[in-house]
Visitor: 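This structure is in structure tokens; I'll ask about it shortly.
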Amino acid sequence: MAVQKLAADTDLETVQVFIADENAASKRVAEKLGWQATHSGSKDGEHGRYYRITL
């Protein structure tokens, strides 16, 4: 719901998030919502994957 509201208010086409490998619950939620894993990487010293959705 928050992503849809943000997209409507700011005219976004694509949103990307980083989810750390240790955060299994967030990865499951992202995948259930249709977010696609695009590539692996690291952020703030944590390894994980970037997920993207096109609105």
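Small disclaimer: the values here were computed from a predicted structure and weren't measured.
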Visitor: By ring-ring contact (aromatic ring centres under 6.0 Å, His included), which residues pair with Tyr50, not counting sequence neighbours?
Guide: Phe18, His39
Visitor: Where is the tightest heavy-atom contact between Ile19 and Ser26, given as atom of each residue plus distance?
Guide: CD1-O, 3.7 Å
Visitor: Using the test side-chain hydrogen bond (donor to acceptor under 3.5 Å, both in side chains), find all partners of Arg28 that sit at least two apart in sequence or belong to another chain.
Guide: none
Visitor: Could you tell me which non-hydrogen atom of Ala20 sits nearest to which non-hydrogen atom of Lys27, and how far apart they are?
Guide: O-CE, 4.3 Å
Visitor: Could you give me the CA-CA distance, side-chain angles and deciding distance for Arg52 and Gln16, then say whether side-chain hydrogen bond (donor to acceptor under 3.5 Å, both in side chains) is met?
Guide: CA-CA 4 Å; Arg52 178 182 300 164; Gln16 180 173 283; 3.1 Å; yes
Visitor: Could you report the tightest heavy-atom contact between Thr54 and Thr14, atom names first, then the distance?
Guide: OG1-OG1, 3.7 Å
Visitor: Does a side-chain heavy-atom distance below 4.5 Å link Trp35 with Val29?
Guide: no
Visitor: Indicate the atoms forming the closest heavy-atom contact of His47 with Glu22, along with that distance.
Guide: O-OE1, 4.5 Å
